[in-house]
Amino acid sequence: MTQTIPHSMRVISTNEKMSQACREAVKPIGLVPTMGALHAGHLSLVDRARADNLTVAVSIFVNPAQFGDNDDLEKYPRDLEGDLELLRRHGVDLVYTPTVDEVYPEGFDTWVDVGPLAGKLEGLHRPGHFRGVATVVSKLFNVTRPDRAYFGQKDGQQTLVVLKLAKDLEMGVEVVVMPTIREPDGLALSSRNVQLSPEQRQAAPVLYRALCRAYRLWMDGERRGDALREAAREELQAEPRVDAIDYVSVAGMETLDELEQIEGRAMVSAAVHMGAVRLIDNIVLE
Ligand code: AMP
């Protein structure tokens, strides 16, 4: 006879209760910060956290501070009930779902700025984005005091910003970076993918294809940054459903400065617009 082990998941929405729950929880604690509308990419982080830790906490918070005026805060997909069901099935112990007022109460005035690294690429096109990310991540770390925190390579620059933040401020958290989960056609899973029209969805794998083209050149021995950037850009430009290209980058993993010559680890990344949807993706050359 199979026995099901009852598993209770607590959903908590205040800082005070979450702090207390985490203080009382069995250590180590693994934290997975998310904005909800969960998919298999998020769940891969949850599963890894489950395997590594005795308590798994997931936060669901659409952080207004990381959205700009022209961003899609209002339209960002939300599905709390669906998310909670998935998290229950994946054995999560604590779900933290604070309101905006709980995270940014009246008078909130302390911000975390991660220096030049946060000003490149995404930071250039979404001013203030990483200030919002770094601030909310700091706050989540302080509320939950996790031993480990899990982030996806999908948001490549974000992982570098969080690693730097954790190191510079001695957060005492091990930051674990997990591989990008993709659809069979190569498109990186993203909560925003549901906003693509069927035609845009069909065309969207061009982003990964463009990065792969650069990757293949690099595998064949090409080391000029420009050659890789041009090849990826050419692929993107050949797709009429790409309405705009924010950037195509081949950058060093330390500073995210564009590379003339590739030596050591580098990240090929790009951001494009398809209608109202903005897609990002990256591949690490190593
Ligand atoms: P988000 O809800 O978009 O803020 O994402 C929460 C976490 O899940 C971040 O660390 C993301 O990098 C990660 N993530 C999002 N999409 C993927 C994916 N396709 N593969 C792996 N991790 C992902």
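Treat the numbers as computed from the prediction; the structure is a model and nothing was measured. Order of appearance sets the numbers: ligands from 1, and atoms from 1 within every ligand.
- Residues of the protein with a heavy atom under 4.0 Å from ligand 1 are Pro33, Thr34, Met35, His39, Gly41, His42, Leu45, Tyr76, Phe151, Gly152, Lys154, Asp155, Gln158, Pro179, Thr180, Ile181, Leu189, listed by chain and number.
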Kindly list each side-chain donor-acceptor pair under 3.5 angstrom involving residues 205-216, sequence neighbours excluded, with atom names and distances?
{"residue": "Arg209", "atom": "NE", "partner": "Glu235", "partner atom": "OE2", "Å": "3.2"}
{"residue": "Arg213", "atom": "NH1", "partner": "Glu235", "partner atom": "OE1", "Å": "2.8"}
{"residue": "Arg213", "atom": "NH2", "partner": "Glu234", "partner atom": "OE2", "Å": "2.7"}

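- Here the rule is side chain to side chain donor-acceptor pair (under 3.5 Å) with Gln20, and of Lys17, Arg23, Glu24 only Glu24 fits it.
- Not counting sequence neighbours, the partners of Phe67 by the ring-ring contact (aromatic ring centres under 6.0 Å, His included) test are Tyr76.
- In Glu286, the CD atom is crowded: over 12 heavy atoms of neighbouring residues, nucleotides or ligands sit closer than 6.0 Å.
- The distance from atom CZ of Arg88 to atom CE of Met9, rounded to the nearest 0.5 Å, is 4.0 Å.
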Side-chain donor-acceptor contacts of residues 112-123 below 3.5 Å, not counting sequence neighbours, with atom names and distances?
{"residue": "Lys120", "atom": "NZ", "partner": "Thr255", "partner atom": "O", "Å": "2.9"}
{"residue": "Lys120", "atom": "NZ", "partner": "Asp257", "partner atom": "OD1", "Å": "3.0"}
{"residue": "Glu122", "atom": "OE1", "partner": "Arg278", "partner atom": "NH1", "Å": "2.8"}
{"residue": "Glu122", "atom": "OE1", "partner": "Arg278", "partner atom": "NH2", "Å": "3.4"}
{"residue": "Glu122", "atom": "OE2", "partner": "Tyr247", "partner atom": "OH", "Å": "2.5"}
{"residue": "Glu122", "atom": "OE2", "partner": "Arg278", "partner atom": "NH1", "Å": "3.4"}
{"residue": "Glu122", "atom": "OE2", "partner": "Arg278", "partner atom": "NH2", "Å": "2.9"}

